[in-house]
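To keep things clear, I will list the structure first and then write my remarks on it.
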2 protein chains.
Amino acid sequence: MQLKNQVEWALHCAAVLAGLPEGRYVSTKALAEFHGVPKEYLSKALQGLSSAGLVVSTLGPSGGYRLARAPGDISFLDIVEAIEGPGRTFVCTEIRRNNPCRPAGMCDDRPCGVARVMWAADEAWRASLRQVSLAELGEGIAEDVPADLLAAGRDWLLNSR
Amino acid sequence: MQLKNQVEWALHCAAVLAGLPEGRYVSTKALAEFHGVPKEYLSKALQGLSSAGLVVSTLGPSGGYRLARAPGDISFLDIVEAIEGPGRTFVCTEIRRNNPCRPAGMCDDRPCGVARVMWAADEAWRASLRQVSLAELGEGIAEDVPADLLAAGRDWLLNSR
DNA sequence: TTTATTACGGATATTATTTATCCTTAAGGA
DNA sequence: TCCTTAAGGATAAATAATATCCGTAATAAA
Ligand code: FES
Ligand code: FES
């Protein structure tokens, strides 16, 4: 079980957009070249973010994407779910119903004990992702990479047309 | 991203084995019929449990599988990892290295800030699975299904040859 | 007004993974 | 000796991930 590579791409794109001056847009082309990933395919990920309402797009020259909300109001979970969908990692196919000793309809209203545990773990994962925002990601990154390099990246993106 | 259906099968098989009297073995055939899943394919999952050291197998008539340890000493994580492997759900392909503004080798020793957050969530998921054992699963199931039905299932499995 | 640029979405191709079946081998019990 | 069983390799089918291509409409700049 592995998350799609789009998740890594989308998170990095969101991180980049979070560092931009207000109101500036960056195109798919610029984001793709900056991250070294295929433009057409990255586009699908960005469309996912867009339809989830996390980013806003605009057409035409100097168009592209910007965040729809403040970085502090967008969580990792928001982005991961925009790419992966809202489904759980564990899906129960109700194999307990095949048990030859089980009366039909037996506690069908209650999820299976196995599923309850698996879904609790899923929820722990989600909770962990929900509590980190793009703003906090930015703080973490600022500790790793010097301010002048971050500024250079910003400039590269804004002037790459 | 979705766990394999084998995970559900393996967990249910383990739960069943945990409820059996000490020293009794149950065959793949019986487990497959009990759960209504294809025998040959379930066999692969059981082989996974076996090579992970979670169950012990024996050959010949009245052969099959039993747990290798007490139910209290086998966690959900043990079983999930036996099927899914030990890998993380988020894999970092180091797209930061493609950043045209980044000096080569820049903090390559430290994982990317994005990966750190994703891996922390992975760890939360694992921790959640690690802290529930088959014994605890058994307690949860005993609350859902009456003792006589559990006994009937046990008998069905032990006499199905 | 024209032109270049862009997001969007559908169609399609390629590759990898999951799911499943089949068959041979060797071990163990009756 | 014969039947049952786990183990494991080979292979096939179905599904999902990865990727490319192209047409359309919107938009800003020239
Ligand atoms: S029946 Fe699906 S997890 Fe138990
Ligand atoms: S480079 Fe892989 S998560 Fe940042």
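Below, chains carry the letters A, B, ... as their sequence lines are ordered, and counting in each starts from 1. Just so it is clear, the values below take in all heavy atoms, side chains as well, and ignore hydrogens, waters and symmetry mates.
For the pair B/Glu40 CD and D/dA7 P, the computed distance is 13 Å after rounding to whole Å. In this structure, OH of A/Tyr25 is placed 15 Å from C1' of C/dT5, rounded to the nearest angstrom. Between the OH atom of A/Tyr41 and the P atom of D/dA19 there is a distance of 6 Å, given to the nearest Å. Rounded to whole angstrom, the span from the NZ atom of A/Lys4 across to the P atom of D/dA17 amounts to 5 Å. Atom C1' of nucleotide C/dT18 and atom CD of B/Glu8 are separated by 15 Å, given to the nearest angstrom. Distance, A/Lys39 NZ to D/dA19 C1': 14 Å, rounded to whole Å. Put simply, NZ on A/Lys44 is 16 Å from C1' on D/dA16, counting in whole angstrom units. For B/Leu54 and D/dA6, the CG to P distance is 17 Å, given to the nearest whole Å.
Remark: side-chain polar atoms of A/Arg116 are paired, donor with acceptor, to backbone N or O of A/Pro111 under 3.5 angstrom. Checked by atom type and distance alone, the side chain of B/Asn159 pairs as donor or acceptor with a backbone atom of B/Asp155 at under 3.5 Å.
In the set C/dG10, D/dA7, D/dA28, D/dA7 carries the atom at the smallest distance from any side-chain atom of B/Tyr65.
Two residues, A/Leu59 and A/Trp9, neighbour DNA chain D, and the one matched to the more 5' nucleotide by heavy-atom proximity is A/Trp9. Toward the 5′ end of DNA chain C lies the nearest nucleotide of A/Thr28, the other residue of the pair B/Leu3 and A/Thr28 mapping further downstream.
Residues A/Glu8 and B/Thr93 have side chains that bring a donor and an acceptor to within less than 3.5 angstrom of each other. For the residue pair A/Gln47/A/Ser50, the side-chain donor-acceptor check at 3.5 Å is not satisfied.
In this structure, B/Phe34 and B/Trp156 have tilted ring planes: the angle between them lies in the 30° to 60° band.
The side chain of A/Asn5 contributes an N or O atom lying less than 4.0 Å from OP1 or OP2 of D/dT18. Between B/Thr58 and D/dT5 there is no side-chain polar atom (N or O) within less than 4.0 angstrom of OP1 or OP2. Between A/Gln47 and C/dG9, a side-chain N or O to OP1/OP2 separation shorter than 4.0 Å is present. For C/dA7, neither phosphate oxygen OP1 nor OP2 lies less than 4.0 angstrom from any side-chain nitrogen or oxygen of A/Ser43. Taking only side-chain nitrogens and oxygens, A/Ser50 comes nearer than 4.0 Å to OP1 or OP2 of C/dC8.
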